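Here, residue 1 is the first one in the sequence, and each next residue gets the next number. Note that this is a predicted model, so its numbers are computed, not measured.
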Amino acid sequence: MTPTIHLVRHAQGYHNLSVANETMRDPDLTPLGEQQCRDLRAAFPHHARLAHLVASPMRRTLYTCILAFGDGPAAPYPIAALDTLQELSDLPSDTGSSVAALADEFGAAKVDLSRVRDGLWTDKMGDTPFEPTKEKIEARAREARRALREMVGLDSDAHVVVVTHGAFLHFLTDEFQDIADGNATSWKNCEYRSYQFVDASGQDDGAAIVETDESWERRRGDKPRLSQHDLDELRTVAQGRIVPHLKAAASRL
């Protein structure tokens, strides 16, 4: 038995509509985004088996988690908010709200904010763990995977939902396929893919994860998986395109 982690990109937010909207701080979901959540709720087959809900503390991820997976009689509230799951850049749209504001908006019954480092988690322009550099993003992706492994354990067949962000998902999964030029992600809004830990013993310091066969075949049919060499090359190319643009706020505001 091993847990299955369903990774989800948040639904459409107002910052997804235009570059100008990236100046919005911690933006809401659009009406289309809310409909995407309802569609995902209807399509997702594992609601009855969910043991944990986990999300980035950004408002769009929390609302996606609530609308797509919560509010039912079996919803495993509260959502565990992990600040390591936040998006990459230092733009306002990728910068969260204070813990006090989130607590007022969502309430302790729905969202557990105890793991969110107040003040620090919103500081992405200083020398903090959330500064958008390659090394620090990779470090918090490892931290997030380890936190999930500790939270979920390895001795169950539980299903867990983790709602996070498109660009960060590539670092979380260490998989950079199909990212088109000019984009930071290949994940669609409200898309989910399913993963399991590679090392069932729990000794892997990086807590690496791999997409399940069911998830791969659901997305890609009988297309073969790439070799590790090809995956490594894609990582190098994609990170070389994405990372230089992550410290963007000062030049665009």
Q: List the steps and the verdict of side-chain contact (heavy atoms from CB on, under 4.5 Å) for Asp222 and Glu217.
A: CA-CA 6 Å; Asp222 59 359; Glu217 291 166 8; over 6 Å; no
Q) Which pair of non-hydrogen atoms, one from Arg241 and one from Ile179, has the smallest distance, and what is that distance? A) NH2-O, 3.0 Å
Q.
What's the separation between atom OG1 in Thr164 and atom CZ in Phe171, rounded to the nearest 0.5 Å?
A. 12.0 Å
(Q) Can you confirm whether Phe176 sits close enough to Asp174 that some side-chain heavy atom of one is under 4.5 Å from a side-chain heavy atom of the other? (A) yes
Q. Is it true that Asp94 and Arg25 have a side-chain N and a carboxylate O under 4.0 angstrom from each other?
A. no
Q | Least distance between heavy atoms, Ala141 atom then Leu172 atom | A | O-CD1, 3.8 Å
(Q) Atom CD of residue position Glu150 - does it have more than 12 heavy atoms of other residues, nucleotides or ligands inside 6.0 Å? (A) no
Q. What do the steps show when you test Arg193 against Glu191 for salt bridge (Lys or Arg N to Asp or Glu O under 4.0 Å), and what is the final call?
A. CA-CA 7 Å; Arg193 306 178 192 178; Glu191 179 181 359; 2.9 Å; yes
Q | Minimum-distance pair of heavy atoms, taken over all atoms of Arg140 and Pro129 | A | CD-O, 4.0 Å
Q: Output, in order, the C-alpha distance, side-chain angles, deciding distance and verdict of side-chain hydrogen bond (donor to acceptor under 3.5 Å, both in side chains) for Gln12 and Thr30.
A: CA-CA 6 Å; Gln12 185 190 70; Thr30 65; 2.5 Å; yes
Q. Looking at CD of Glu87 and CG of Asp26, how far apart are the two atoms once the value is rounded to the nearest 0.5 Å?
A. 12.5 Å
Q. Do Arg59 and Glu105 pass the salt bridge (Lys or Arg N to Asp or Glu O under 4.0 Å) test, and can you show the C-alpha distance, the side-chain angles, and the key distance before you say yes or no?
A. CA-CA 9 Å; Arg59 294 173 65 249; Glu105 185 168 358; 2.9 Å; yes
(Q) Distance check, rounded to the nearest 0.5 Å: Asp39 atom CG versus Gln36 atom CD? (A) 7.5 Å
Q) Do Leu85 and Val54 have side chains that get closer than 4.5 Å, going by heavy atoms? A) yes
In residues 43-53, what donor-acceptor pairs under 3.5 Å come from side-chain atoms, sequence neighbours left out?
unit_1	atom_1	unit_2	atom_2	d
His47	NE2	Arg41	O	2.9
Arg49	NH1	His159	NE2	3.4

Q | Asp28 and Arg60 ion-paired at < 4.0 Å | A | no
Q) Which value, rounded to the nearest 0.5 Å, describes the distance between Gln203 atom CD and Leu154 atom CG? A) 9.5 Å
Q.
Show, in sequence, the C-alpha distance, side-chain angles and deciding distance for Thr4 and Val160, and conclude whether the side-chain contact (heavy atoms from CB on, under 4.5 Å) test is met.
A. CA-CA 6 Å; Thr4 300; Val160 181; over 6 Å; no
**Q.** Glu211 with Arg219: basic N within carboxylate O range, under 4.0 Å
**A.** yes
Q | Heavy-atom check, side chain of Phe130 versus side chain of Lys136, under 4.5 Å | A | no
Q) Got a sec, which residues hit ring pair (Phe, Tyr, Trp, His ring centres under 6.0 Å) with Tyr77, two or more places apart in sequence or on another chain? A) none
Q. Looking only at heavy atoms, which two atoms of Leu234 and Leu226 are closest? And how far apart?
A. CD1-CD1, 3.5 Å
Q: State the CD-CG distance between Glu34 and Leu29, to the nearest 0.5 angstrom.
A: 6.0 Å
Q: Measure from the side-chain N and O atoms of Asn21 to the backbone N and O of Tyr14, and report whether any donor-acceptor pair falls under 3.5 Å.
A: yes
Q: Quick one: do Asp123 and Thr128 satisfy side-chain hydrogen bond (donor to acceptor under 3.5 Å, both in side chains)? Show the steps, please.
A: CA-CA 7 Å; Asp123 184 359; Thr128 75; 4.9 Å; no
Q. Can you find a heavy atom in the side chain of Glu233 that is under 4.5 Å from one in the side chain of Val237?
A. no
(Q) When you measure from the side chain of Thr122 to the backbone of Asp118, do you find a donor-acceptor pair of N or O atoms at a distance under 3.5 Å? (A) no
Q. Centre of Phe168's six-membered ring, under 6.0 Å away, within 45 degrees of the axis: is that where NZ or CZ of Arg9 sits?
A. no
Q) Just checking, is any N or O donor in the side chain of Ser194 or His6 under 3.5 Å from an acceptor N or O on the other one? A) yes
Q | Ile66 with Phe69, same ILVMFWY side-chain cluster at under 4.5 Å | A | yes
Q | Min side-chain heavy-atom separation Asp178-Arg220 under 4.5 Å | A | yes
Q | Validation row, ring centre His165 to ring centre His170 under 6.0 Å | A | no
Q) Does the Ser186 side chain pair with the main chain of Gln177, one donor and one acceptor, at a distance under 3.5 Å? A) yes
Q | Val163 side chain near Ile79 side chain, heavy-atom distance below 4.5 Å | A | no
Q: Could you walk me through whether Gln86 and Lys124 pass side-chain hydrogen bond (donor to acceptor under 3.5 Å, both in side chains), step by step?
A: CA-CA 11 Å; Gln86 67 175 292; Lys124 304 180 79 169; 3.2 Å; yes
Q: Return yes if some donor-acceptor pair links the side-chain N/O of Asp112 with the main-chain N/O of Ser114 below 3.5 Å, else return no.
A: yes
(Q) Measuring only between side-chain heavy atoms, which start at C-beta, is Lys110 closer than 4.5 Å to Pro78? (A) no
Q | Steps toward side-chain contact (heavy atoms from CB on, under 4.5 Å) verdict (Val116, Leu102) | A | CA-CA 11 Å; Val116 181; Leu102 293 170; 5.5 Å; no
Q) Just how far is it from atom SG of Cys190 to atom CD of Gln35, taken to the nearest 0.5 Å? A) 10.0 Å
**Q.** Heavy-atom side-chain contact between Lys247 and Pro132 under 4.5 Å
**A.** yes
Q.
Is it the case that the side chain of Arg149 and the backbone of Ala208 share a donor-acceptor pair, with hydrogens and angles ignored and the cut-off at 3.5 Å?
A. no
Q: Could you give me the CA-CA distance, side-chain angles and deciding distance for Arg142 and Glu135, then say whether salt bridge (Lys or Arg N to Asp or Glu O under 4.0 Å) is met?
A: CA-CA 11 Å; Arg142 287 192 300 272; Glu135 293 74 20; over 6 Å; no
(Q) Determine whether a donor-acceptor pair (N or O, by modelled atom type, separation under 3.5 Å) exists between the side chain of Thr23 and the backbone of Ala20. (A) yes
**Q.** Trace of the salt bridge (Lys or Arg N to Asp or Glu O under 4.0 Å) decision for Arg115 with Asp83
**A.** CA-CA 7 Å; Arg115 297 175 178 86; Asp83 54 18; over 6 Å; no
Q. With no hydrogens and no angle check, is any side-chain donor or acceptor of Asp199 less than 3.5 Å from a backbone partner on Asp204?
A. yes
Q | Closest non-hydrogen atom pair between Trp187 and Gly166, with its separation | A | CD1-O, 4.3 Å
(Q) For Gln239 and Lys134: C-alpha separation, side-chain torsions, deciding distance, then whether side-chain contact (heavy atoms from CB on, under 4.5 Å) applies. (A) CA-CA 8 Å; Gln239 290 184 352; Lys134 175 180 177 292; 2.7 Å; yes
Q. Regarding Arg117 and the six-membered ring of Trp121, is the cationic atom NZ or CZ under 6.0 Å from the ring centre and inside 45° of its axis?
A. no
Q | Arg146 side chain to Ala207 backbone, donor-acceptor under 3.5 Å | A | no
